Structures are given as structure tokens and as C-alpha cells.
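Predicted model only: the values in this text are computed from it and were never measured.
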Amino acid sequence: MPFSRRQFLCAAAAAAMAASMPTNAARKLVVATWPNYHDPENLRRFTAKTGIHVETRVFGSNEEMMNWLLSGKSGFDIVVATNYAVNAYGKMGLLRPLRLERFPHYDPASQQRRFVEVVTTEQRLFGLPKNWGTTGFVYDQKKISSAPTRWRDFWDLATTVANRQTVVHDYQLTAIGNALKYYRYSFNSNVGAELDAAEALLLKTKPHLRAVSSLAYDQMRAGAWLSMAWSGDGTLLNRENPDLRYVIAEEGGEIWADYFTITRECQDVAAAEAFIDFLLTPDNNAAEVKAHGFPPIDERVLGLLPAAIRNNPIMFPPAAQLNNLEFGSRETLTHPRRAEILAKFKAA
């Protein structure tokens, strides 16, 4: 069957990429990413195909990643960063602009537009979409019978029924953002009086917490009753134990998307491009979705997923549940008052 123009361009780009890659078998990529976020078999297959070893370093927050990148000696080649972080890192000069011709398996036309448009940094492309999700909370319905539906419920339970059994994120954007939602303020608010209220709530709650951690999956499996969580945590936990329920709060909260980026520090850019392109291949992308429980941004992947995943309301919530959710902003990530509040909260 003759090649289409797109197939020809993809094949030519792939051949050019392969030709430009060094043949040193000791090549390695260091990928800064999130817990339980990749299919281990995908990583093994990439190494078997290319000879490039992949080392993943897991983080709990974009702020933590940013501090490493700002040092200039992070050792990261690829960072899996959230929408607002891509904008921040790009503006700081921490990322390399990407060239689409180097990613033959990426199809811009198949990407859900709202998740592409949210990353705009001086008209340059710094990230290619990985997946998206929401931030809510998980509770054990055998321990908490009240069926909480709001952030107000979450914070009130933390100091009463779920005393010493609640986990709050070790991450200023979500810890402070979800405290702001107690008062129905914007998740991204940087208004002084509103941040003061969020700080007071966090400090009041801190003595009652089991942990301050972004590892909701591990914490709930270890016996916590209630935890802030990303939707992928909710998917995996509910899959293992249907009594662990994931909630998108009625007041709203966060919707987000994560992106593959290449750092300025990266010395083997061709290897980094090859790795990203490998995971953006629809079949490999589908394997990632099955492993981590977050929905894809690439619509080509949807048809490769089993019905049980496509119909999962945690991964694909009704549109009405997304109406009150906000994308985090670059200004929220880097706001000094928020950093001060989180430091005080963790030290209390």
C-alpha cells in the first residue's frame, strides 16, 4: 500500500532521528516523574529496542522538581511536568523548545484542545501532552459512613471522625488550594485575606493529621481513612478495594494535565526525543493509561482501551463534575506567600 504524505514524513523523521542518535550502549536517560506513573514493561521495551537505559526519579510536587532544576545540576533529562509548571519552567529558561518533526508519532490533530491550549509559553512549544486528571480525595467508606462530597466535609472530618487518619498533600498548590475551597474561594487565589484563612485552617488541622504526603496510594493502602488524592490514585485504589471511594468535591478544585518536557541540562537530546516519541505511540500510550489510571489526552488512544476503563467514572467523570474545576496557574506555583504558608504548615 503506498505511503500517505504524513506516513512518509513520519518515516523520514524517524529515520533521521535514528541516524542522529549515538550508538553508545551505555546511554542513559534520567526521567523526573510521579509515583506509579509509567508502565514498567514500556520502559523495558524501550531499553530493549534502543539500548538506552531509563532511570526514573519520583517526586511529590512540581515545586520540588523546580528547585532541582534551578540548581542547574539536577541531572534530569526529561521532566514530566504539570501544565502550570511547564509554563513556569519554560519562562525560566529551564526547558528546551521542542521540534514537532522530531516526534513522528505525535499527532497534534488528535489531542484534546483544552489540554493543549493551557500550555502557552511565549508561543514556543515546551511540552507534549501525556495525560490529564483531577484532584479530589479518597475515603474508606467502611470507616467513614457519612459519604462526604465537599472539601468542607474533608477538612471537618480530618479533625473529628478521621482524626489521626487523614493525609494532606505535601504540595502547596493542592494543600493550600483545597483549603481555600473550604471557603469556596478560588483554588488559585493569591488574595491576602483568603490565603490567611487557608493558612489558619491548615494550622488548625495539622495536629490531627496522620501524614503530610503526596503518596495517597501508599498512605491509603497502609491504613489511612481519608486522603487528598489525584484521580489516578483513586482509580488504582478503587480497583483494588471498592470501599475506597474517590470524590471530586462539589465546590470544585483542580483539573490538570501533565506533559513530557526536555530540560536545558539534557545532553542526549536525540535519546530524550526518542523516549518521548516511543511513549506517545498510541499502543504504548494505552499501556501507560492501563498502568497508571489517568485518562489520555490523545483521542487515538481511547479506542485502544477496554470498555471497563472508558466507562470508569473516576477516570472519565461526567462533564458536570468538571465545571467547577480550575487549571493551576504559573503565578500560583511561584507565589512567595504560598511558599511561606506551606513551610509553616509542614513545620507546625
Report yes or no: do Asp156 and Tyr182 form a side-chain donor-acceptor pair below 3.5 Å? yes
Angle between ring planes, Trp151 versus Phe154, binned at 30° and 60°: parallel, tilted or perpendicular? perpendicular
Ile276 side chain near Ile262 side chain, heavy-atom distance below 4.5 Å: yes
Give a yes or no on whether the ring-centroid distance for Tyr259 and Tyr89 is below 6.0 angstrom. no
Taking Arg337 first and then Asp196, would you say they form a salt bridge - that is, a charged N and a carboxylate O separated by under 4.0 Å? yes
When you group the ILVMFWY residues by side-chain heavy-atom contacts below 4.5 Å and let the links chain together, are Val54 and Phe59 in the same group? yes
State plainly whether the residues Arg152 and Glu251 are in salt-bridge range, i.e. N to O under 4.0 Å. no
Phe137 ring center near Trp155 ring center (under 6.0 Å): no
Can you tell me how far apart OG (Ser74) and CZ (Arg264) are? Round to the nearest 0.5 Å. 13.5 Å
Modelled atom types, side-chain donor and acceptor of Thr33 and His38, under 3.5 Å: yes
Is the closest side-chain donor-acceptor distance between Asn62 and Tyr171 under 3.5 Å? yes
Before accepting this row, confirm whether a basic side-chain N of the pair Asp170/Lys346 lies closer than 4.0 Å to the acidic partner's carboxylate O. yes
Looking only at side chains, do Asn284 and Arg45 share a donor and an acceptor under 3.5 Å apart? yes
Side chains of Thr135 and His169: does their closest heavy-atom pair fall under 4.5 Å? yes
Does NZ or CZ of Lys130 lie under 6.0 Å from the centre of the six-membered ring of Tyr37, at an angle within 45° of the ring axis? yes
Do Ser227 and Gln219 get their side chains close enough for a donor-acceptor pair, meaning under 3.5 Å? no
Charged tip of Lys181 within 45° of Phe187 ring normal and under 6.0 Å: no
Could you label the plane-to-plane angle of the Trp34 and Trp230 rings as parallel, tilted or perpendicular, counting under 30° as parallel and over 60° as perpendicular? tilted
Are Asp298 and Leu280 side-chain neighbours, meaning at least one heavy-atom pair lies under 4.5 Å? no
Parallel, tilted or perpendicular: which one describes the rings of Phe46 and Phe275, with boundaries at 30° and 60°? perpendicular
Trp132: which of Phe115, Phe294, Trp256 passes ring pair (Phe, Tyr, Trp, His ring centres under 6.0 Å): Phe115
